[in-house]
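As structure tokens, the structure follows; a few thoughts come after it.
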Amino acid sequence: IRERGVLRVGYNRNNVPFVFFNSRGELVGYDVQMAYDLARSLNVSRIEFVPITGTTLAESLDSGYCDIIMTAVMVNVDRLDAMKFTDPVVTVHLAFVVPDGKKAEFTQLDDVQKMNGLRVAVFNNTALVKVAHQLLPEATLVPIDSQEEFFVNGSADAMMIPAEEGYTMTLQYPFYDVAIIEPYDSYQMMYGYPVAKNSSESYLLALNYWIQMEKDYGMLEKKYD
């Protein structure tokens with residue numbers, strides 16, 4: 001990375017507020033800011049953001065297409081077999097985005113599982129597709145590629161998404177609310193930054209040391225806020 005002078009960062013644009021394009025067409029968000037901070041830590045002057053999908057994470061890293069993926073990537077067992085992960089940088093809470101007035105109906109997973117004819121939107125090519133299949137085996141899952149498919153087209157009754165992302169969407173669509181699945185601390189997911197399976201231990205150690213420094217100096221909390 002240092003010899004090249006460029007840090008190649010994989011991203012997925014469907015990760016508000018972690019990675020998204022603002023109204024001026026600029027790529028912004030929590031993980032984008034983290035990427036710039038990482039580049040400074042590595043003493044690299046330039047970043048190249050390259051688009052990836054949830055189904056090509058390991059391939060994008062192994063091929064050298066990108067050096068690291070920084071786009072709200074959930075750490076799970078399947079991915080640990082295919083990639084190395086940094087220490088978690090943030091923990092999110094599983095939730096549903098629903099129309100106003102229906103929040104109470106979606107806070108208990110048992111109640112949601114009993115709903116007849118339920119249609120649940122899930123972002124395509126993400127780890128949440130598998131999670132939704134496991135938690136809601138009787139529901140009809142509706143894969144979507146953009147939030148407009150749910151909020152504007154009304155493609156489903158609810159959207160399964162981390163609460164931290166859902167709250168940002170309801171700022172744009174105020175007639176919707178976020179129902180965090182209770183108990184609050186039982187349905188959590190960790191986000192980390194994957195690197196290639198054959199990455200050196202020194203590279204991963206450097207990344208984890210940088211993340212620990214960010215935590216210790218309060219920078220992760222500042223960016224999150």
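This structure is a prediction, so every number in the text was calculated from the model and none was measured.
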Minimum heavy-atom distance between [X] and [Y], given as atom pair plus value:
X      : Y      : value
Asp157 : Pro99  : O-CD, 3.7 Å
Glu214 : Asp37  : OE1-OD2, 4.2 Å
Phe150 : Ala121 : CD1-CB, 4.1 Å
Ile211 : Pro88  : CG2-O, 4.2 Å
Ile69  : Cys66  : CG1-SG, 3.8 Å
Lys103 : Val178 : CE-O, 3.2 Å

Are [X] and [Y] side-chain neighbours, meaning at least one heavy-atom pair lies under 4.5 Å?
X      : Y      : value
Arg79  : Val73  : yes
Gln113 : Leu136 : yes
Lys84  : Glu201 : yes
Val97  : Tyr173 : no
Thr86  : Leu204 : yes

Passing option when His93 is tested against Tyr167, Tyr184, Tyr191 for ring-ring contact (aromatic ring centres under 6.0 Å, His included):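 Among Tyr167, Tyr184, Tyr191, the one that satisfies the ring-ring contact (aromatic ring centres under 6.0 Å, His included) with His93 is Tyr184.
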Single-linkage hydrophobic cluster Ile68~Val50, side-chain heavy atoms < 4.5 angstrom: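 As far as the 4.5 Å side-chain criterion goes, Val50 and Ile68 are not connected within one cluster.
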Kindly check if the number of other-residue, nucleotide or ligand heavy atoms within 6.0 Å of [atom1] ([X]) is above 12?
X      : atom1 : value
Tyr209 : OH    : no
Glu182 : CD    : yes
Asn116 : CG    : no
Arg13  : CZ    : no
Gln172 : CD    : yes
Asn43  : CG    : no

Is there a donor-acceptor contact under 3.5 Å from the side chain of [X] to the main chain of [Y]?
X     : Y     : value
Ser63 : Glu59 : yes
Asn22 : Arg24 : yes
Arg8  : Tyr65 : no

Gap between atom OG1 of Thr168 and atom OH of Tyr30 - 0.5 Å precision: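 The OG1 atom of Thr168 is 13.5 Å from OH of Tyr30, to the nearest 0.5 Å.
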Distance in Å, Leu94 CG paired with Leu109 CG, rounded so as to fall on 0.5 Å steps: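 Rounded to the nearest 0.5 Å, the CG-CG separation comes to 8.5 Å.
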Carboxylate-amine/guanidinium proximity below 4.0 Å for Asp87 and Lys215: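 Here Asp87 does not pair with Lys215 in a salt bridge, since their nearest N and O are not under 4.0 Å apart.
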From CA spacing to verdict: side-chain contact (heavy atoms from CB on, under 4.5 Å), Asp67, Tyr203: CA-CA 10 Å; Asp67 304 308; Tyr203 179 37; 3.9 Å; yes
Asn15-Thr71 side chain donor-acceptor pair, cut-off 3.5 Å: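 Yes - a donor-acceptor pair under 3.5 Å links their side chains.
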Trace of the side-chain hydrogen bond (donor to acceptor under 3.5 Å, both in side chains) decision for Asp31 with Tyr193: CA-CA 9 Å; Asp31 285 330; Tyr193 298 139; 2.5 Å; yes
Geometric class of the Tyr11/Phe49 ring pair [parallel <30°, tilted 30-60°, perpendicular >60°]: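 Phe49 vs Tyr11 ring planes: perpendicular.
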Residue pair Glu149, Val142: steps toward the side-chain contact (heavy atoms from CB on, under 4.5 Å) verdict: CA-CA 10 Å; Glu149 292 179 51; Val142 181; over 6 Å; no
Stepwise side-chain contact (heavy atoms from CB on, under 4.5 Å) check, Met169 with Ile161: CA-CA 10 Å; Met169 294 177 181; Ile161 198 165; 3.3 Å; yes
Criterion side-chain contact (heavy atoms from CB on, under 4.5 Å) on Glu138 and Met115, from CA distance to verdict: CA-CA 9 Å; Glu138 302 300 323; Met115 293 180 180; over 6 Å; no
